[in-house]
Number of protein chains: 2
Amino acid sequence: MVPRTAELHELVDRRLRAVGQRYTQQRRTLVEALHRDGKPSSITDLLAHVQLPQSSIYRNLTVLEQAGAVRRVVTEEDFARYELAEDLTEHHHHLICSSCGRVEDVTIPASLEADVDRTLEGVARRTGFASISHRLDVIGTCSDCA
Amino acid sequence: MVPRTAELHELVDRRLRAVGQRYTQQRRTLVEALHRDGKPSSITDLLAHVQLPQSSIYRNLTVLEQAGAVRRVVTEEDFARYELAEDLTEHHHHLICSSCGRVEDVTIPASLEADVDRTLEGVARRTGFASISHRLDVIGTCSDCA
DNA sequence: CTTCCTGCAAAAGTTTTGCATTAAC
DNA sequence: GTTAATGCAAAACTTTTGCAGGAAG
């Protein structure tokens, strides 16, 4: 389910082209950084890990998001985080520490996923919402902050 | 399960006192505005609905949050929203429109709630997290934006 | 009267934008 | 060569803070 690094770039490239965008060196660098991190990164994180101007990071993440290669993640913090799109990694959820802001990836049993999907689909339909996705996170205190 | 307005103030008052804070007129005004709105309000919303300085709104919401009377809600937008604490209303989830930012409250069947709770409790324990709460939202497109 | 809350204005932090230059195709 | 991406600096927007004055207990 998780693509090898080689075909990861292939996939991102295709999605960018599909929306009339180029897969430039900077964008490649960002995708690799997000892939290495394996959990949602803040702009500050990225600034420290890659050598790129801040405005380029913002602009390229926005482009990558519109191409469906990257997802913007909201946490309890007052800045955004970014991660590779779920279908370039695998469907997962987040453990968010409300004390230090740390974010970890977790998966839950497929049976529960299916229940959640089915229920929310119904909820959305009844309220005139077109459901695109759900967000199921655990907010708590991580072992370091306990 | 939903307290009448009279005892709502009673409850908020008690929680504020418990953390050494006063239930001032401004805070009462904010609680009433949030209660009227019935869904998460942004600071801009509150500025329009109540006649209070911006800094007082921020400061009082922070106090009310620390007292456990109000909850800070993060959406896909790049500003926060606030709502009354869940045990002053009732446990619910959000339909978030990724196009216009609109947020609606919804409830899901108690049986699914219980499944989710049980599963996340286990997930949290295995990863050293102390689970305080979960967040289950539907991200989609509302009927106006469809 | 003493402590905490309020209001204004300024500061801090995150994200966006204008425009000249450079890289991609 | 033409079009789109980049880099820098400035602007926009959300949120926080310092401090003098006012309300609450």
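Lettering follows sequence order; numbering is per chain, from 1.
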- Task: Could you tell me whether the phosphate oxygens of D:dG7, OP1 or OP2, come under 4.0 Å of any side-chain nitrogen or oxygen in A:Ser56?
- Result: yes
- Query: Expressed in angstrom and rounded to an integer, what is the separation of B:Ile57 atom CD1 from D:dT17 atom P?
  - Reply: 17 Å
- Considering only heavy atoms and no angle criterion, is a donor-acceptor pair shorter than 3.5 Å present between the side chain of A:Ser55 and the base of D:dC8? yes
- Note on the structure: Ranking C:dT15, D:dG7, D:dA23 by distance to the side chain of A:Gln54, first place goes to C:dT15
- Residue whose nearest DNA chain C nucleotide is more 5′ - B:Thr24 or B:Asp78: B:Thr24
- Taking only side-chain nitrogens and oxygens of B:Gln26, does any of them come within less than 4.0 Å of OP1 or OP2 of C:dT6? yes
- Message: At 4.0 Å (heavy atoms only), tell me whether A:Tyr58 reaches a base, stays on the sugar-phosphate, or touches nothing.
- Response: base
- Query: OP1 or OP2 of D:dA5 sitting under 4.0 Å from any side-chain N/O of A:Asn60?
  - Reply: no
- Item | B:Leu61 CG - C:dT6 P separation (whole Å) | 12 Å
- Query: For B:Tyr23, is the NZ or CZ atom of B:Arg28 found under 6.0 angstrom from the centre of its six-membered ring and inside 45 degrees of the ring axis?
  - Reply: yes
- Query: Can you tell which of C:dT14, D:dC19, D:dT6 lies closest to the side chain of B:Arg59?
  - Reply: D:dC19
- Item | Nearest-nucleotide 5' precedence on DNA chain D, A:Arg22 against B:Arg81 | A:Arg22
- Indicate yes or no: does A:Arg102 engage A:Glu104 in a salt bridge with an N to O separation below 4.0 Å. yes
- Query: Any salt bridge between B:Arg135 and A:Asp137, counting N to O under 4.0 Å?
  - Reply: yes
- When the distance from CD of B:Glu76 to C1' of C:dT15 is rounded to whole Å, what number comes out? 16 Å
- Query: To the nearest angstrom, how far is A:Asp45 atom CG from C:dG13 atom P?
  - Reply: 16 Å
- Message: Please determine whether a side-chain nitrogen of the Lys or Arg among A:Arg81 and A:Asp37 lies less than 4.0 Å from a carboxylate oxygen of the Asp or Glu.
- Response: no
- Message: Under 4.0 Å between a side-chain nitrogen and a carboxylate oxygen: does that hold for A:Arg14 and A:Glu10?
- Response: yes
- A:Pro53 side-chain proximity, nearest of D:dA23, D:dG7, C:dG7: D:dG7
- Message: Tell me the interatomic distance from A:Ile43, atom CD1, to C:dT14, atom P, rounded to whole angstroms.
- Response: 10 Å
- Reckon A:Gln21 has a side-chain N or O less than 4.0 Å from the OP1 or OP2 of D:dA4? no
- Message: Tell me the interatomic distance from B:Gln25, atom CD, to D:dG22, atom C1', rounded to whole angstroms.
- Response: 15 Å
- Task: Kindly say whether, by distance alone, the side chain of A:Arg27 makes a donor-acceptor pair under 3.5 Å with the base of D:dT6?
- Result: no
- Query: In terms of side-chain heavy atoms of B:Ala80, which of C:dT3, C:dT15, D:dT15 is nearest?
  - Reply: D:dT15
- Nearest whole angstrom, please: distance from the C1' of D:dC8 to the CG of A:Leu52. 14 Å
- Is it true that the side chains of A:Thr75 and A:Glu77 contain a donor and an acceptor less than 3.5 Å apart? yes
- Query: Whole-Å distance between D:dA4 P and A:Arg17 CZ?
  - Reply: 14 Å
